[in-house]
> 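Dropping a structure here in structure tokens format, bear with me for questions.
These numbers come from the heavy atoms of this one structure, side chains and all, not from hydrogens, waters or symmetry mates.
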Amino acid sequence: MRRVVVCGVGVVALVSLGIFATFLPGSHREPGSPSQPSNVAAAHAAFPAAAPAAPQAVAALAAAGRAQLGPAPESGATKAPSPPAAKVVAGPPCQTPGALGVARVVEIDTTGGPGFGFQHFKAYDFLNPGEVVLTFDDGPWPINTPAVLAALAAQCAKATFFAIGKHAVWHPEILRQVAAAGHTIGSHTWSHIDLVKKPPDEAKDEIEKGISAVRAALAAPYAPFFRFPELRHPPEMMTYLESRNIAMFSTDIDSFDFRIKNPDQIITSVMGKLKKDGKGIILMHDFQRATAQALPELLSELKANGYKIVQLTAKSSIETLPEYDAMMSQEIKGGTASARPTASVVRTVSEGN
């Protein structure tokens, strides 16, 4: 396994020029909202698709996952300098023979709020042909997030989870499962409101409450990574995140799983776009049942077609603001999110026949 360090600086040139950078084309929306996928392939140099490899038989895993879950319910364009040379480090061995695993671990220096994902940010092209980054939004959520974690664990794969603050407060133990499994965690606002529609003060509150909520739920530091709801980027908030040294993530390949809601079609969507682009940051949602159902087979498809997983990590942890930490302390009602896990406090001592 190799570790690559990506040093970040402020990259949103459009903001510094005072140009409105909302990026409406290709913006991401929640279920029920129209959205137009963008053509990310044109933004990349002509990368060839990964060479196919021998298929891995994981149909039983996929079938088991679907049986358990049941049916699914209804820019800046500044050219950046070349990244530093790769640093080779030993990674933890995967205990599953033939699993997908993690090919590289990338460490990001978030100083200045760099942006990643060619749908909106063009400066940092750190992926090699055939490499993918798995990202999941809108969790943590019961059943779905644990199922996503199980599918990733079966393939020794790692991902980045952008958690909604409210969901983190409601389900802190699930978010801690994400961290305990070695995945990277970032934030996705407090309540997933479109920040373009909010005045700057309210948008800042949404960002900071989400950051503090995730920190309170984890009771531990996490990465200074952030993804805007619906992939809509108010320029004032981009400048604000730059000042907070928080990296911003868009996407290269949007699964549109929140609209498709069909496991087979999600797999077709992701693999088709990946074949065209050759590599990229993939956006999915651990909030969506169909995504949890699709993931075992999707991971096996990535393996069979020779794609490699890259895990994102951060050079430093996010720094929360005390006033928002205090808000979350009240929101959590007595700090239960940072207390012991439920299983260590409440246990079944007898059951009826």
Side-chain angles (χ1 to χ4, degrees), residues 1-4 6 65 89 91-96 99-108 110 116-117 126-127 131-165 167-168 171-188 210-211 213-227 246-247 249 251 253 255 257 270 280-288 291-292 294-296 298-299 302-303 307-318 337 341:
M1 181 185 295
R2 293 188 295 160
R3 180 183 296 272
V4 175
V6 180
V89 297
C94 177
Q95 301 301 317
T96 305
L100 184 59
V102 174
R104 286 201 297 153
V105 177
V106 172
E107 181 184 89
I108 295 174
T110 64
F116 301 92
F126 64 92
L127 292 177
E131 290 185 334
V132 299
V133 174
L134 302 173
T135 68
F136 296 89
D137 288 7
D138 295 1
W141 203 248
I143 301 177
N144 302 342
T145 301
V148 166
L149 292 177
L152 292 169
Q155 288 284 356
C156 296
K158 301 298 181 185
T160 299
F161 290 76
F162 292 95
I164 291 176
H167 294 179
H171 308 291
E173 291 187 37
I174 298 177
L175 190 61
R176 289 178 195 164
Q177 291 174 25
V178 177
H183 301 289
T184 302
I185 295 173
S187 61
H188 195 41
I211 289 171
V214 172
R215 175 63 176 81
L218 285 171
Y222 67 101
F225 292 170
F226 179 83
R227 181 174 270 155
I246 296 173
F249 286 86
T251 185
I253 296 168
S255 67
D257 54 355
V270 171
I281 299 171
I282 302 174
L283 169 56
M284 296 176 283
H285 296 79
D286 55 313
F287 179 79
Q288 297 293 334
T291 301
L295 194 59
L298 175 60
L299 294 175
L302 292 173
K303 172 68 175 176
Y307 292 103
K308 306 295 183 182
I309 299 295
V310 173
Q311 183 182 12
L312 305 178
T313 61
K315 182 179 179 181
S316 58
S317 299
I318 199 163

> If every non-hydrogen atom of A168 is compared with every non-hydrogen atom of L175, which pair is closest and at what distance?
CB-CD2, 3.8 Å

> For the residue pair H183 and F136, is the inter-centroid distance of their aromatic rings smaller than 6.0 Å?
no

> Verify, without hydrogens or angle tests, whether S187 (side chain) and A163 (backbone) share a donor-acceptor contact under 3.5 angstrom.
no

> Does a side-chain heavy-atom distance below 4.5 Å link F161 with L149?
yes

> So do the side chains of T251 and T135 get within less than 4.5 Å of each other, counting heavy atoms only?
no

> Given L134 and L152, is the side chain to side chain contact (heavy atoms under 4.5 Å, CB included) satisfied, shown in steps?
CA-CA 10 Å; L134 302 173; L152 292 169; 3.9 Å; yes

> Can you check whether I164 reaches F287 side chain to side chain, under 4.5 Å on heavy atoms?
no

> Could you tell me whether a side-chain N or O of H167 sits under 3.5 Å from a main-chain N or O of W141, the two making a donor and an acceptor?
no

> Given side chains that start at C-beta, do those of T184 and Q311 come closer than 4.5 Å, heavy atoms only?
yes

> Are side-chain heavy atoms of Y222 and I318 found at a separation under 4.5 Å?
yes

> Rounded to the nearest 0.5 Å, how far apart are NE2 of H285 and OG of S255?
6.5 Å

> Give me the ring orientation class for F116 and F126: parallel if the planes are under 30° apart, tilted from 30 to 60°, perpendicular past 60°.
perpendicular

> So which atom in A179 and which in L218 form the shortest heavy-atom distance, rounded to 0.1 Å?
CB-CD2, 3.9 Å

> Would you indicate whether the side-chain heavy atoms of I246 and I211 approach each other to under 4.5 Å?
yes

> Looking at C156 and Q95, what are the two nearest heavy atoms and their distance?
SG-N, 3.9 Å

> How close do A247 and T110 get, counting heavy atoms only, and between which atoms?
CB-CG2, 3.7 Å

> Verify, without hydrogens or angle tests, whether T160 (side chain) and I185 (backbone) share a donor-acceptor contact under 3.5 angstrom.
no

> Return the CG to CG distance between N144 and L295, rounded to the nearest 0.5 Å.
11.5 Å

> Hey, what do you get for CG (L127) to CZ (R104), rounding to the nearest 0.5 Å?
6.5 Å

> To the closest 0.5 Å, what do you measure between CD1 (I174) and CG (D286)?
9.5 Å

> Measuring only between side-chain heavy atoms, which start at C-beta, is I309 closer than 4.5 Å to V132?
yes

> Considering non-hydrogen atoms only, spot the tightest contact between P224 and S316 and give its length.
CD-O, 2.9 Å

> Which distance, rounded to the nearest 0.5 Å, do you find between the OG1 of T291 and the CG of L283?
9.5 Å

> If I compare all heavy atoms of F162 with all of R227, which pair ends up nearest, and what's the gap?
CD1-NH1, 3.6 Å

> Rounded to the nearest 0.5 Å, what separates atom CE in M284 from atom CG in D137?
10.0 Å

> Is the shortest heavy-atom distance from the side chain of Q155 to the side chain of L302 under 4.5 Å?
no

